[in-house]
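Since the structure comes first, as structure tokens, the remarks are kept for the end.
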Amino acid sequence: MKRARVADLLRREPGGVVEIDGWVKTARHAKEMSFIEVSDGSSVAGIQVIAEPDLANFEDEVRALRTGAALRVEGELIESPGKGQRVEVAARRVEQVGGVGDDYPLQKKRHTFEFLREIAHLRMRTNSLGAVMRVRNAASQAIHRFFQGEGFVELHTPVITASDAEGAGEMFRVTTLEGASADPDAAAADFFGRPAYLTVSGQLEAEIGAAALSRVYTFGPTFRAENSNTSRHLAEFWMIEPEVAFLDLDGNVALAEAFLKSVCGDLLEHCRDDMEFFALRVEKSAIDTLEHVIREPFERMTYTEAVKILEASGRDFEFPVQWGADLQSEHERFLTEEHVGRPLVVTDYPRGIKPFYMYLNDDERTVRAMDVLVPRVGEIIGGSQREHRLPILETRLQEQGLPESEYWWYLDLRRHGSVPHAGFGLGFERLVQFATGMANIRDVIPFPRTPGNAEF
Ligand code: ATP
Ligand code: MN
């Protein structure tokens, strides 16, 4: 006899004695029988346990079982007469390990995702958040599988950094100083002897890796103190950042496409039940969307072409469309959802709206940037070919008011064996949002951090 996961039991043939551990999803106490659905988080479906009066603790314990209680069950795996399940467990022993009070907040009815966020310590017991966490896990595995299969080296880049990778300044400061002495000007006395921050991107360090190991990727937490309360922004999120030496923009676009296709295919293969749950309960098109991504080639256009299309669309956008201004979410979604109807890679953005490290095109007005836009989510990937020519990189730093003194090591990479190279950043939660169809990014991460929220 072996303790088994519910997911595995549900696929087994009837027969034999099994032990399961889990929590009561629902308990229905009929006259001479109790029907207890037990879940251990291994699948959307729980397993039905049938308890009868021959159990010693039937009257005083089994009859009192409620949703949420923790259980250990031993019983026979039998063919289920009910529909919707192949097998069920005829209990020989039911032991309540941890009971619940009247105030257990999760009941059989559907709860809103907003409500569930207030009980983040329990919400993973729901069907939807459980499915999200399993898909999240599978996506993480799929990402590693893809890069490992392509010969990339995973590089662990620092969480604490002194440089502002984007030059955008939306960073959380890290300090051991308190009160007035916490002034950044007094940072010489601080732990690192200089101002330090939580990283917004591992890219610059990944470039160091690529300049030695050729193909690297990072997969780690990133932090942005941007005060944007949207359904697509978190203050703490996970980012995957491949960086490849001897790669140009075209190669980078091809890498992003192959990568997304591979991960989506992997999810359909490994998370079929959970994906079916999302298609049924959350977003009708969830599975179709993934199949579509795998099948169709991504569309590609330049920023300049995108602006022309938006201008000619006749749409009344909230934010005006103008060459030189960044594309807003509404523009991105129009392009990918309505204009092309599939993933779209927009390249060659104006130099003024992109970071200093992107390769300057010969027109000197645009840089070799690429954003991958997908239906429902908008931007899922942002990347570029990097500027590897020292004099131009120096000019770009000055242009953006960034001190060369802080980027000396980054500039050094251009002094010693510099090569064209490229990479991108994929927001992990945006990927999970895209795959599951979940509307709010806060509901695809176990413990969301947003302005004003850091409980749990
Ligand atoms: P956006 O324009 O959507 O705010 P960005 O241009 O600031 O994104 P990048 O700096 O290019 O984003 O970061 C790379 C990727 O990281 C994005 O394509 C996105 O998938 C993800 N990302 C960026 N900011 C956030 C955030 N606050 N929360 C979750 N994911 C994010
Ligand atoms: Mn971006």
Side-chain angles (χ1 to χ4, degrees), residues 132 135-136 138-140 142-143 146-147 166 200-203 217-222 224 226 228 230-234 236-243 249 252-268 275 278 283 285-286 288-301 303 306 326-347 349 354 369-384 422-445:
V132 164
V135 169
R136 200 182 149 98
S140 165
I143 287 164
F146 174 82
F147 287 121
E166 300 286 323
V200 295
S201 159
Q203 179 201 317
Y217 70 106
T218 71
F219 192 152
T222 44
R224 297 201 183 168
E226 50 191 359
S228 42
T230 79
S231 60
R232 305 174 313 121
H233 289 90
L234 292 162
E236 176 179 294
F237 63 100
W238 289 68
M239 186 137 72
I240 295 93
E241 298 179 273
E243 191 69 37
L249 185 70
N252 204 26
V253 171
L255 177 67
E257 180 169 349
F259 167 65
L260 282 179
K261 287 189 148 98
S262 163
V263 172
C264 290
D266 229 330
L267 288 180
L268 282 178
M275 286 308 304
F278 288 114
E283 168 61 54
S285 68
D288 295 343
T289 304
L290 292 188
E291 283 171 348
H292 191 70
V293 167
I294 298 164
R295 201 173 50 230
E296 300 293 325
F298 289 13
E299 185 72 45
R300 182 171 166 180
M301 66 176 67
Y303 166 90
D326 208 354
L327 298 181
Q328 299 295 322
S329 172
E330 55 175 344
H331 307 138
E332 296 174 344
R333 293 191 56 176
F334 170 80
L335 291 167
T336 170
E337 285 169 18
E338 298 184 46
H339 189 75
V340 302
R342 53 195 157 119
L344 166 67
V345 189
V346 180
T347 64
Y349 284 72
K354 288 292 183 187
M370 61 161 211
D371 277 7
V372 180
L373 315 178
V374 294
R376 289 202 308 264
V377 170
E379 181 187 331
I380 194 165
I381 282 178
S384 65
F424 59 79
L426 164 81
F428 186 53
E429 285 74 20
R430 297 234 180 131
L431 173 75
V432 179
Q433 232 189 322
F434 175 64
T436 58
M438 294 290 286
N440 197 312
I441 197 165
R442 297 165 201 215
D443 300 321
V444 298
I445 186 165

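These numbers were taken from a predicted model, which means no experiment stands behind them.
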Expected output: side-chain T230 to main-chain R232 donor-acceptor under 3.5 Å: yes
Student check: side-chain heavy atoms of E296 and P343 closer than 4.5 Å: no
Backbone N/O of D288 and side chain of S285: donor-acceptor pair under 3.5 Å: no
Criterion side chain to side chain contact (heavy atoms under 4.5 Å, CB included) on L426 and L260, from CA distance to verdict: CA-CA 10 Å; L426 164 81; L260 282 179; 4.3 Å; yes
Side-chain donor or acceptor of E332 paired with backbone N/O of L373 under 3.5 Å: no
Heavy-atom pair with the smallest gap, counting every atom of R342 and P375: C-CD, 4.2 Å
Pairwise distance CD1(I294) to CG(D266) - rounded to 0.5 angstrom: 9.5 Å
Distance, nearest 0.5 Å, that separates CG of D326 from NE2 of H331: 10.0 Å
Whether N252 side chain and G423 backbone form a donor-acceptor pair below 3.5 Å: yes
Non-hydrogen side-chain atoms of L431 and V263 separated by less than 4.5 Å: yes
Interatomic distance, M275 atom CE to E283 atom CD [nearest 0.5 angstrom]: 9.5 Å
Spacing of OH belonging to Y303 relative to CG belonging to L327, to within rounding of 0.5 Å: 5.5 Å
Test item: R224 side-chain N/O and V200 main-chain N/O as donor-acceptor pair under 3.5 Å: yes
V432 side chain near M438 side chain, heavy-atom distance below 4.5 Å: no
Closest heavy-atom pair and its distance - W238, R136: CD1-NH2, 3.6 Å
Exam field: side chain E379 to backbone S329, donor-acceptor pair closer than 3.5 Å: no
Within-4.5 Å side-chain heavy-atom neighbours: E257 and R300: no
Donor-acceptor under 3.5 Å (T347 side chain, M370 main chain): no
Under 3.5 Å: donor-acceptor pair, side chain of H292, backbone of G341: yes
Note: R442-E429 ion pair, threshold 4.0 Å (strictly below): no
Spacing of CD belonging to E330 relative to CG belonging to L335, to within rounding of 0.5 Å: 11.0 Å
Pairwise distance CD(E226) to CG(L234) - rounded to 0.5 angstrom: 9.5 Å
All ring-ring contact (aromatic ring centres under 6.0 Å, His included) counterparts of F434, not counting sequence neighbours: none
Audit row: I441, F237, side chain to side chain contact (heavy atoms under 4.5 Å, CB included) steps and yes/no: CA-CA 10 Å; I441 197 165; F237 63 100; 5.8 Å; no
Nearest heavy-atom neighbours spanning F219 and S140: CE1-OG, 3.8 Å
Audit row: V444, F428, side chain to side chain contact (heavy atoms under 4.5 Å, CB included) steps and yes/no: CA-CA 9 Å; V444 298; F428 186 53; over 6 Å; no
For F424, all residues meeting ring-ring contact (aromatic ring centres under 6.0 Å, His included), sequence neighbours excluded: F259
Short side-chain to backbone donor-acceptor contact, Q433 and A439, under 3.5 Å: yes
Closest heavy-atom pair and its distance - D371, G382: OD1-CA, 3.5 Å
Shortest non-hydrogen contact from A139 toward L267: N-CD2, 3.6 Å
Trace of the side chain to side chain contact (heavy atoms under 4.5 Å, CB included) decision for R376 with T289: CA-CA 10 Å; R376 289 202 308 264; T289 304; 3.4 Å; yes
E299 (side chain) donor-acceptor with V340 (main chain) under 3.5 angstrom: no
Test item: R430 and H233 side chains (from C-beta on) under 4.5 Å apart, heavy atoms: yes
All side-chain hydrogen bond (donor to acceptor under 3.5 Å, both in side chains) counterparts of T336, not counting sequence neighbours: none
Minimal non-hydrogen separation, A286 against A435, with atom names: CB-O, 4.1 Å
